[in-house]
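Step one of this worksheet: look at the structure below.
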Amino acid sequence: MHKLNQRQREAVRYHEGPLLVLAGAGSGKTGVIAHKIVHLIDACEVEPANIAAITFTNKAAREMRERVRTLLGKRNVKPWISTFHTLGLRILREEHEALGYRRGFSILDAGDCAGLLADLMRRDSPGTDIAVPQVQQAISAWKYAMVPPDAVALDAPSPAESLAARCYAPYCDALMTFNAVDFDDLIMGPVRLLREDPEVLERWRARIDFMLVDEYQDTNLSQYELVRLLVGEHQRLTAVGDDDQSIYAWRGARPENIAQLQTDFPRLKVVKLEQNYRSSGIILKAANTLIANNPHVFEKKLWSEHGFGDKIRVVALNTEHDETERIANDILHRKLMHGGGFADFAVLLRSNHQARLFERAFRERDIPYVLSGGRSFFDYAEVKDCVCYLRLLANPDDNNALLRIINTPRRTIGTATVKVLVDVAAESGLSLLETALDERFRLRVSPQVGRRVGEFATWLTRFQREHEATPPPDAFATLLADIGYDDWLEQTAENEKAAERRKENVAELSRWIARIYARDEERTTADIVAALTLFDIADRQDDNADFDGVALTTLHAAKGLEYPHVYLAGFEENLLPHRSSIEQDTIEEERRLAYVGITRAKRSLTLTFCRTRKRYGQLESCEPSRFLDELPADELAWDGRVTDAAANRETGRGTLDQLKRLLQT
DNA sequence: GAGAGTTGAATTTTT
DNA sequence: TTCAACTCTC
């Protein structure tokens, strides 16, 4: 506690009513939340289990848990620290019956849902050129805005939206029959229930004495609603956020939820954390000046006790090729001059495709790097297969899972057979697994086919029954042996190396299952599959946590991280701000994105832009970002022949005018 | 079930 | 331009 500054202490100690902590970048907010949890336990005698601290990502939750554990020392108490979705799952698990779900319901990830939707879209409009993600996003948007299928207008202006509207209800119905939920349902379901059932609402309110919400500016409508409902009249809520770091509006985040707090909680107290412990004075000045161009409900200005530091370098390059070379060489040069590791450097990008050139430049120079994003563990086919088997064990109605594995490993059950199975299931109202053993299905296929499908269904049903009481890790091992999965991986892999990798993935999954089971909170197969799905093995990336490489990451993925030396590449119009944001007039969010990028830097910041860049294989001329003009000119050190961004733009405009005039005459 | 050919996307992405 | 994903065919 003595390590905290006065504002931080105030935020920790105040618990009498609703509190909003406006935590600027690098102001130590995780520490504040962690200290507050401990303060509530120690000084306010709140029951640890009745404290709910909610984050957005598993990573944030893990960090929070670790901080709290360090502060608590040897004491073994467990405040509830989880993501929004895990909180939703916790409620749904206990209340699933009220919402019409059966035991062991499945959680479908985005990929599963996309497949399901693609199917529904094909059925509605064969040969449509509307992309699945578009429809998926529209439906997701309705869900997190709490708009039910029957409230959606079918005659939407755009074809994509009206297709989404037509698919919305069937999509929800399909999930219901599969006894499955998607990620949005994990929030929406509990909200619906808490709204409709006062008794359930009371029960959950009684279980939560104090709520803390991290990254509050990222909450969407249904998440805010969940918080509001659970907090109830006693209003013991601490929301921590920064409206200037809201960069997820495009996926439903409502930075206005921050201002909304004042309306919904008139007694709201506001504490601003403005002391920054990360960056040099010049970097903060740049950040402050830039973000001052956005409208604000609460004014905020970062300051620090660090020195003023080096000026911000602005480098103009001719091509994007020059840009990557320049940055790569610069990193090598600096490392040589000042020592330190590669991990002290980060190249921040607006979009993923910018990364490719950097990868090449880094490889040419043997610069180790870590790329953000990338493939998830669960994208591997073999991992998906295994998870589907587990899902099916927990939830025999999970048709989606059954379709994936009915012929994996090969059981000579082809598409034609599956189609008959699906048709009969639709007619009879049975699940696919039940249909497989049903007379009506057998009459429609040849005896051999009927026997093959029947064998599989019988085996699965029996396995399920016999292993109901088996610890899931053991059941999984037996299952793999029964289906001869390792053999199949070997047979189908292109080479030995690939086979080894795939088998290792399965082995790793087994280890995860064992590890989750050992946590003692998740006992059933359904619990474990849910944990796997919501978890996404983010910890894998942490394996490389001590890997010494340059961070090559998007601005979005860099949020919450910090680096001594930051390069912001592509500081150009049409890239930052992005072209589509200019078109859609969402410049403010782009400005916040630039702000997030700038505030990642501790000691040095370099902004680069190119005069030309290839787009769709065509050379286009570029202008420096308008945000360059919004930075304090005195603190910029220009490198390259261009000395003034505004002047540069003027000349560009002048030439354009001349061209226009030429064309007119 | 593999290989060739075609088509489409290039803004951000966690759960 | 370039790559990935999907489709079609044998």
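Computed from a predicted model, the values in this text were never measured in an experiment. Below, read A as the first sequence line, B as the second, and so on, with proteins coming before strands; counting in each chain starts at 1.
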Next on the checklist: Considering only residues two or more places apart or on different chains, which pairs with a residue in residues 131-145 of chain A satisfy salt bridge (Lys or Arg N to Asp or Glu O under 4.0 Å)?
Outcome noted: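 Sorted pair list: A/Lys143-A/Asp182, A/Lys143-A/Asp185.
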Item to check | Contact residues, residues 588-599 of chain A to DNA chain B [heavy atom, < 4.0 Å] | outcome: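 Correct list: empty, so none.
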Checklist entry - Listed in order of residue number, which residues of residues 349-363 of chain A have a non-hydrogen atom at under 4.0 Å from DNA chain B? => result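 Going residue by residue through residues 349-363 of chain A, the ones with a heavy atom under 4.0 Å of DNA chain B turn out to be A/Arg350, A/Ser351, A/Asn352.
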Next on the checklist: Using the side chain to side chain contact (heavy atoms under 4.5 Å, CB included) criterion, which residues pair with A/Pro190? Sequence neighbours excluded.
Outcome noted: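 Counting only residues at least two positions away or on another chain, A/Pro190 forms a side chain to side chain contact (heavy atoms under 4.5 Å, CB included) with A/Ile91, A/Leu92, A/Leu226.
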Next on the checklist: The criterion is side chain to side chain contact (heavy atoms under 4.5 Å, CB included); which residues satisfy it with A/Trp250, sequence neighbours excluded?
Outcome noted: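 For A/Trp250 the side chain to side chain contact (heavy atoms under 4.5 Å, CB included) partners, ignoring immediate neighbours, are A/Tyr248, A/His556, A/Glu589.
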Next on the checklist: Within the 4.0 Å heavy-atom criterion, would you say A/Gln584 contacts the bases, only the backbone, or no part of the nucleic acid?
Outcome noted: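 Base, at least one base heavy atom under 4.0 Å.
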Item to check | Any A/Asn58 side-chain nitrogen or oxygen under 4.0 Å from OP1 or OP2 of B/dT14 | outcome: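 So the side-chain polar atoms of A/Asn58 never come under 4.0 Å of the phosphate oxygens OP1 or OP2 of B/dT14.
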Next on the checklist: Does B/dT11 have its OP1 or OP2 closer than 4.0 Å to a side-chain nitrogen or oxygen of A/His578?
Outcome noted: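 True: A/His578 side-chain N/O within range (under 4.0 Å) of B/dT11 OP1/OP2.
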Item to check | Span that lies between the P atom of B/dT12 and that of C/dA5, in whole angstrom | outcome: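 15 Å, rounded to whole Å.
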Next on the checklist: Output the rounded distance in Å from CZ (A/Phe84) to C1' (B/dT14).
Outcome noted: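 Spelled out: CZ on A/Phe84 to C1' on B/dT14 is 13 Å.
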Please list each protein N or O that sits under 3.5 Å from an N or O in nucleotides 1-6 of chain B, with the distance.
from, atom 1, to, atom 2, distance (Å)
B/dG1, OP1, A/Arg410, NE, 2.3

Item to check | Rounded distance [0.5 Å steps], CG in A/Asp527 versus CZ in A/Arg519 | outcome: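 Answer rounded to 0.5 Å: 10.5 Å.
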Next on the checklist: To the closest 0.5 Å, what do you measure between CZ (A/Arg67) and OG1 (A/Thr30)?
Outcome noted: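 A/Arg67 CZ to A/Thr30 OG1: 6.0 Å, rounded to 0.5 Å.
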Checklist entry - Which listed nucleotide (B/dT12, B/dT15, B/dT11) is nearest to the side chain of A/Thr554? => result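 Comparing B/dT12, B/dT15, B/dT11 against the side chain of A/Thr554, the answer is B/dT12.
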Next on the checklist: Name the residue from A/Thr608, A/Leu607, A/Thr606 that meets the side-chain contact (heavy atoms from CB on, under 4.5 Å) definition with A/Leu568.
Outcome noted: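 In the set A/Thr608, A/Leu607, A/Thr606, the residue that makes a side-chain contact (heavy atoms from CB on, under 4.5 Å) with A/Leu568 is A/Leu607.
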